[in-house]
Amino acid sequence: MSHQALDRVPEGRPSASRVETPLPTATAIEIAKSWFPGDDFACDAHSESLVFSVQIYPTGWNRAIQRGCESVVQSVDITCKPPRVLSLQIRDPVICVRSFFFLADEQTEGSPSQQRCQNVSGSNAAQSRQQESQNDPQTPGRSRLRCCAEELLRLVTAGHQHRIEVPEDVIKLEDRLRYLLQPSLEAILAERQLEFPFTPFPYQLEGVAFLFPRHAAILADEMGLGKTMQAITAIRLLLRCGEVRRVLLVCPKPLVSNWRREFELWAPEIPVMVIEGDPQRRKWQWELADVPVRIANYELLPRDQEFFTASDETGQTKVAFDLVVLDESQRIKNRHSATNQAVCSIARKRSWALTGTPVENSTDDLVGIFEFLSPGFLSPDMKPQRLGRTIADYVLRRTKDRVLSDLPPKILRDAEVELTPEQRETYDLAETAGVLRLTELGDAVTIQHVFELVIRLKQICNFDPATGASAKMERLEADLEEIAGSGRKAIIFSQWVATLEEIGRRLERYKPLYFHGQTPVRQRDEVIRRFREDPQHRILLMSYGAGSVGLNLQFVNYVFLFDRWWNPAVEDQAINRAHRIGAAGPVIVTRFLTVDTIEQRINMVLEQKRQLFETIFSGTVEPKKLALTQEEIFGLFDLKTMATRAKAA
């Protein structure tokens, strides 16, 4: 058996290839020539015998195998000319992009759906929302009108555009240009086909544009302007753009169900999980990876802190969020509280806070909130005016009188009443005895002793404990007769449940409903539903603590503050449960105030706190007195503190 090899060697150049074939030499050469048509073909034929010769040795097979066989090695040069290479630079082509929006079948031109969408704008929006809210009593403020991409584009073409704001702490030119070159918010929402139950107000889109690019922000709009809607829309847009994947929203426990309903209304496509149940279930919920939005309450965080701060074997935190949003963030105003420390321990990239009252008592409240947003950014020693300039880029604050010219007015009436003779006698005796006791305590007197006397006197201003006489009640009953006759509804606020129960006992003919801290959470939604729908229930008796946050009661036209709270911001929150978007008419607020009593002295302190709030958020000059100091508390009864006595001595 033979094995031939053909070396193709064109004339004037080295051999370029080697062909091996088991065919006869002549046949193999002819086949090789056919592979290179048109070329001068020359080849050398080499023949090698592949037959093994067998030789016999007396040493046996093992020795023969070790000897091996002879092999012949032949070297053939197969080099050729280097190939010619042409280099071409291919640039990316410029692509022209256009967006097209196609209406659904029910939104064709001239259809009722489209007409409704076009009509919900400007001053008609609030009226439309309020009407739809009445048609759907299950969900306050819910509207079945749709704001589609076409409506958003109509706003763009009409010149109503809101640009995403560039935060001042963005330093890199590349990052600033990324925000500056973004299209308007209306165009982004339209392009991503985000539908809304109704057309947002312009100031609400401004709030979304404020939140979207910021890693630390406070949305401090006045109650009733829709902070919930703005936060949900910003979260929705961040999720759609891929900026965030895991969001945690923290709110007071009574508001969990309200937030869940609002997500269903404003972002129905986003899965939402409420963290609740036994510890084992909550631990699993914290660590679950594929849930875009979680809702937890403040009361739960200190107990679950070990769950969301645990680390894995690499030292990384198991639970981390791209965004943490705090609703009613004044809950963490105390920097040393367990709630504040638990919230600040959550691993996160972005931090937002929602509150209508960022300052309730003093500037320390704002410092406590900023410990969550940006630790160490503020100092408690800052003066209010400097504090306002420092936080200007992080806080967005709007009031209803500035952004809602079509919102019905809020009419405040200070009803000054004289104590009945029975009340005056009891009040004077209690105040005299109380001041005498505080004086006898001398240096041992504390703020707690003073507070006990203040609460005692305020309760006497409501009802005389001996006879039950009440000047406020006489005035309230006169007003309620007229309100009930007109078919309207009213809310009555008080600090104490006992006071609410006494008022309810005397107003039994109006079938009042109760909403306070002792009302079970699972029954609260039913109480609000009955108050809204049942015409027999004209009055809702509500405590400040339970009713100052998270309720939409814009169908109410009258609000009574039977006694005054220590903080004006809490009073404003209570009033704004009724005076908000969708209010059917003017909201009349009656604030009872007994003449020549502790209530008048406290009212002076409340006005000073309002001045503090305005100083920080409006840039005005500093007030002389900023908050309720220890000296001012003692001064309610012309007492001197230990420090004042030592200084005088």
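All values reported here derive from a predicted model rather than from experimental measurement.
- Here the straight-line distance linking atom OH of Y394 with atom CG of L378 works out to 9.5 Å at 0.5 Å rounding.
- Here the side chain of D304 pairs no donor or acceptor atom with the backbone of F307 at under 3.5 angstrom.
- Here the side chain of R331 pairs no donor or acceptor atom with the backbone of D327 at under 3.5 angstrom.
- Ring geometry, W286 versus F321: the interplanar angle exceeds 60°, so the pair is classed perpendicular (tilted spans 30 to 60°).
- The closest side-chain heavy-atom distance from L239 to V293 is below 4.5 Å.
- When each of V256, L326, T339 is paired with V250, the side chain to side chain contact (heavy atoms under 4.5 Å, CB included) condition holds for L326 and for no other.
- In this pair, Y558 and F560 present their aromatic rings parallel. The plane angle is below 30°, not in the 30 to 60° band.
- Annotation: side chain to side chain contact (heavy atoms under 4.5 Å, CB included) contacts of A353 (sequence neighbours excluded): I218, S329, I369, L373.
- Of the possible donor and acceptor atoms, one in the side chain of R246 sits under 3.5 Å from a partner among the backbone N and O of A320.
- Judged by distance alone, with hydrogens and angles left aside, the side-chain atoms of R524 form a donor-acceptor pair with the main-chain N or O of T519 at under 3.5 Å.
- In this structure, R236 is positioned above the aromatic face of F196, its NZ or CZ under 6.0 Å from the six-membered ring centre and within 45° of the axis.
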Could you walk me through whether D525 and R261 pass the salt bridge (Lys or Arg N to Asp or Glu O under 4.0 Å) test, one step at a time?
CA-CA 12 Å; D525 289 344; R261 288 194 302 268; 3.4 Å; yes
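- With sequence neighbours excluded, the residues forming a salt bridge (charged side-chain N to carboxylate O under 4.0 Å, His left out) with K283 are E287, listed by chain and number.
- Taking the six-membered ring for Trp, F515 and F531 have ring centres at least 6.0 Å apart.
- A donor atom on one side chain and an acceptor atom on the other are found under 3.5 Å apart for T355 and Q330.
- C251 and I295 make their closest contact through SG-CG2, 4.1 Å (heavy atoms, listed as atom of the first residue, atom of the second, distance).
- Put simply, the residue from L219, I235, L354 that forms a side chain to side chain contact (heavy atoms under 4.5 Å, CB included) with Q230 is L219.
- Screening R398, K227, R397, Q204 for a side-chain hydrogen bond (donor to acceptor under 3.5 Å, both in side chains) with D221, the sole residue that qualifies is R398.
- In this view, V291 and M273, L288, R294 satisfy the side chain to side chain contact (heavy atoms under 4.5 Å, CB included) rule, not counting sequence neighbours.
- Between L323 and W352, some side-chain heavy-atom pair lies under the 4.5 Å cut-off.
- The salt bridge (charged side-chain N to carboxylate O under 4.0 Å, His left out) check on E526 picks up R529, with sequence neighbours excluded.
- The shortest non-hydrogen separation linking I232 to A267 is CG2-CB, 3.9 Å.
- At least one donor-acceptor pair under 3.5 Å links the side chain of Q285 to the backbone N or O of E276.
- Across all their heavy atoms, D393 and F210 have their closest contact at O-CE1, 3.8 Å.
- Without hydrogens or angle criteria, S337 side chain to N340 main chain gives a donor-acceptor distance under 3.5 Å.
- In this structure, a donor-acceptor pair under 3.5 Å is present between the side chains of R348 and S351.
- With sequence neighbours left out, the side chain to side chain contact (heavy atoms under 4.5 Å, CB included) criterion links P535 to R538.
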Should L540 and I492 be marked as a side chain to side chain contact (heavy atoms under 4.5 Å, CB included) after you check the CA-CA gap, both sets of side-chain angles, and the distance that decides it?
CA-CA 6 Å; L540 181 64; I492 302 174; over 6 Å; no
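- Using modelled atom types, no side-chain atom of D322 and backbone atom of V244 make a donor-acceptor pair closer than 3.5 Å.
- Of all heavy-atom pairs spanning S543 and L500, the tightest one is N-CD1, 3.7 Å.
- The main-chain N or O of Q305 is found under 3.5 Å from a side-chain atom of T309 such that the two form a donor-acceptor pair.
- Of all non-hydrogen atoms in E371 and G376, the two that sit nearest each other are OE2-N, 3.2 Å.
- Shown are K511, K489, R530; of these, the side-chain hydrogen bond (donor to acceptor under 3.5 Å, both in side chains) with H537 is made only by R530.
- Under the 4.5 Å side-chain criterion, counting only non-hydrogen atoms from C-beta, H516 is not in contact with L541.
- Nearest heavy atoms, T317 versus A347: CG2-CB, 4.2 Å.
- Take S494 and apply the side-chain hydrogen bond (donor to acceptor under 3.5 Å, both in side chains) test, not counting sequence neighbours, and it matches D563.
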